[in-house]
Amino acid sequence: MIDRVRPHLVINERLIFEHSSPGKVAYQLPVLDVPAVDPAEALGTESVRAEIEDFPEVSEVEVVRHYARLSTWNYSLNTGMYPLGSCTMKYNPRVNELVARIEELAWAHPYQPEALAQGSMEIMSRLETALAEITGMDAVTLEPAAGAHGELTAILLIRAALARRGNPRKKILIPDSAHGTNPASAAIGGYAVENIKSNDAGMLDVAALEQIVNEDVAALMVTNPNTLGVFEEHIIRVAEILHAKGAFLYMDGANMNALMGIARPGDFGVDALHLNLHKTFSTPHGGGGPGAGPVAVKKTLEPFLPVPRLKQSGKKWAYDYKRKHSIGRLRAFYGNFGVMVRALAYILAHGGPGLRKVTLDAVLNANYIRKHLEPFYELPYQSPSMHEVVFSDHRQAQKGVHTGEIAKRLIDYGFHPYTVSFPLIVHGALMIEPTETETKRELDRFIQAMTAIAEEVDRDPQLVKTAPHATGTSRVDEVAAARKPVLRWKPA
Ligand SMILES: *Cc1c(COP(=O)(O)O)cnc(C)c1O
């Protein structure tokens, strides 16, 4: 049975203003035993307001409980599974947070002289080495601050390498199953984007690719596994086709929890790829905090990597700024160091066999969900699933219920919605990525919820179409909320 009770959500909290009553304060101070001063005189008139309109007056316990209750409104990985496909919202071991908070690391300052930053530099170097090993590449820059930033970095590296050969070329090829950031990065990098259609298996059409790769093509950007959760089986042939025409193969490696310890992009012909440390390698994802999108490259692209580069002379680490082919800086200082510390801690704690197990579990969990939901939801592509699975609302749409409505009903069952209507090549997509960190019990709860919703669609489509029912607010006007946000409270 589904547990429909959600004690973690108390959704009838009043506004702080409504807790207010005149004269209440959240502190107790002893009576002054020194002469009082006029605040305006002591602080300056610009710092003192005679009156603050409608300022809430509440006691300490009311403030604490109000905000503690509000904090539970945010669905998070601490409260339950987050099946948001393409995003790898997974639980991250707390120990990596502990390591990132070690005082000497947390307080390291980018202006600290090199002699006093040797430990931090060694951490970065070890992480570069580990990521090169995991991806099968020759060199890594940790500088980019996010996945899309890494994509742009790699495109600029490819442009620099081609320009050095005499012609930066004009086009980047991108399959329709790619992540949405890829075309944007290619365009910002100064390239025209040409779309290539996937075949019936949800993979790159190799014959079509062979037709369009010419001397105008700088690179192919391929997400692998792609956004259908499908591994590009002909990737080695794809690399050969590009290389034969002097073009590069770029891989979007945000989904590395589908490959780690099993396959290395460097071994199947990839020239450059980015990783999302805030997906695969332990930094919590989605909180709006810092991330990191390291870029790993083959030797041919290494001279162009952003400055500074770490180098070792004798036993000492130093930063090398004098690299004449470098594309320059992508970011202030050296990247988001705290994210790197977490990633190295995560990699070392798992070791090679542990990372391999992460991958096996991510793929197993996605396939467990696929098998159990296949009888209820349409599976548009039959190719094997890796770390995520994409269904469509084809069957439910016949009852007038669409993917967005099924996702909203999922909220009533206590889950964060899956990814809605993406990838675009699947009409009415339900994109589900359980990640490796969920227990069988949580997966079963999710499967039960999805199954129950499919049955509800048959029995009472209106119930699903008007969901969510268990939340404080049901359907909001999402467009108006984004375009005309009301950010100021006005007394009634
Ligand atoms: C998340 C993701 C990105 C973008 O990463 P950001 O850090 O959000 O910029 C790119 N490609 C894929 C496949 C992704 O899943």
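In listed order, ligands and their atoms are each counted from 1.
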| said: For a ring pair (Phe, Tyr, Trp, His ring centres under 6.0 Å) check, start with the C-alpha distance between Y75 and Y82, then their side-chain angles and the critical distance, and finish with the verdict. | reply: CA-CA 9 Å; Y75 191 86; Y82 223 112; 5.6 Å; yes
| said: Holding to salt bridge (charged side-chain N to carboxylate O under 4.0 Å, His left out), I want the full list of residues that pass it with E378, two or more places apart in sequence or in another chain. | reply: R395
| request: I would like to know whether Y111 and F333 meet ring pair (Phe, Tyr, Trp, His ring centres under 6.0 Å); could you show each step before the answer? | output: CA-CA 9 Å; Y111 281 138; F333 306 118; 5.2 Å; yes
| said: Can you tell whether the side chains of K90 and E438 come within less than 4.0 Å, N to carboxylate O? | reply: no
Quick one: side chains of residues 151-159, donor-acceptor pairs under 3.5 Å with protein atoms, not counting sequence neighbours, listed by atom name and distance.
{"residue": "E151", "atom": "OE1", "partner": "T181", "partner atom": "OG1", "Å": "3.4"}
{"residue": "E151", "atom": "OE1", "partner": "N182", "partner atom": "N", "Å": "3.3"}
{"residue": "E151", "atom": "OE1", "partner": "N182", "partner atom": "ND2", "Å": "3.2"}
{"residue": "E151", "atom": "OE1", "partner": "S185", "partner atom": "OG", "Å": "2.7"}
{"residue": "E151", "atom": "OE2", "partner": "T181", "partner atom": "OG1", "Å": "2.7"}
{"residue": "E151", "atom": "OE2", "partner": "N182", "partner atom": "ND2", "Å": "3.2"}
{"residue": "T153", "atom": "OG1", "partner": "H149", "partner atom": "O", "Å": "2.7"}
{"residue": "R159", "atom": "NE", "partner": "G189", "partner atom": "O", "Å": "2.8"}
{"residue": "R159", "atom": "NH2", "partner": "G189", "partner atom": "O", "Å": "3.4"}
{"residue": "R159", "atom": "NH2", "partner": "G190", "partner atom": "O", "Å": "3.0"}

Would you list the atom pairs, donor with acceptor, under 3.5 Å between side chains in residues 265-273 and any protein atom, with sequence neighbours excluded?
{"residue": "D267", "atom": "OD1", "partner": "R264", "partner atom": "NH2", "Å": "3.3"}
{"residue": "D267", "atom": "OD2", "partner": "R264", "partner atom": "NE", "Å": "2.9"}
{"residue": "D271", "atom": "OD1", "partner": "H243", "partner atom": "NE2", "Å": "3.2"}
{"residue": "D271", "atom": "OD2", "partner": "H243", "partner atom": "NE2", "Å": "2.7"}
{"residue": "D271", "atom": "OD2", "partner": "L249", "partner atom": "N", "Å": "2.7"}

Contacts table for ligand 1: protein N or O within a distance under 3.5 Å of ligand N or O, distances only.
{"residue": "ligand 1", "atom": "5 (O)", "partner": "N276", "partner atom": "ND2", "Å": "3.1"}
{"residue": "ligand 1", "atom": "7 (O)", "partner": "G147", "partner atom": "N", "Å": "2.8"}
{"residue": "ligand 1", "atom": "7 (O)", "partner": "N276", "partner atom": "ND2", "Å": "3.2"}
{"residue": "ligand 1", "atom": "7 (O)", "partner": "H278", "partner atom": "NE2", "Å": "2.6"}
{"residue": "ligand 1", "atom": "9 (O)", "partner": "G147", "partner atom": "N", "Å": "3.3"}
{"residue": "ligand 1", "atom": "9 (O)", "partner": "A148", "partner atom": "N", "Å": "2.8"}
{"residue": "ligand 1", "atom": "11 (N)", "partner": "H179", "partner atom": "ND1", "Å": "3.3"}
{"residue": "ligand 1", "atom": "11 (N)", "partner": "D252", "partner atom": "OD1", "Å": "3.1"}
{"residue": "ligand 1", "atom": "11 (N)", "partner": "D252", "partner atom": "OD2", "Å": "2.5"}
{"residue": "ligand 1", "atom": "15 (O)", "partner": "S86", "partner atom": "O", "Å": "2.7"}
{"residue": "ligand 1", "atom": "15 (O)", "partner": "S86", "partner atom": "OG", "Å": "3.4"}
{"residue": "ligand 1", "atom": "15 (O)", "partner": "K279", "partner atom": "NZ", "Å": "2.5"}

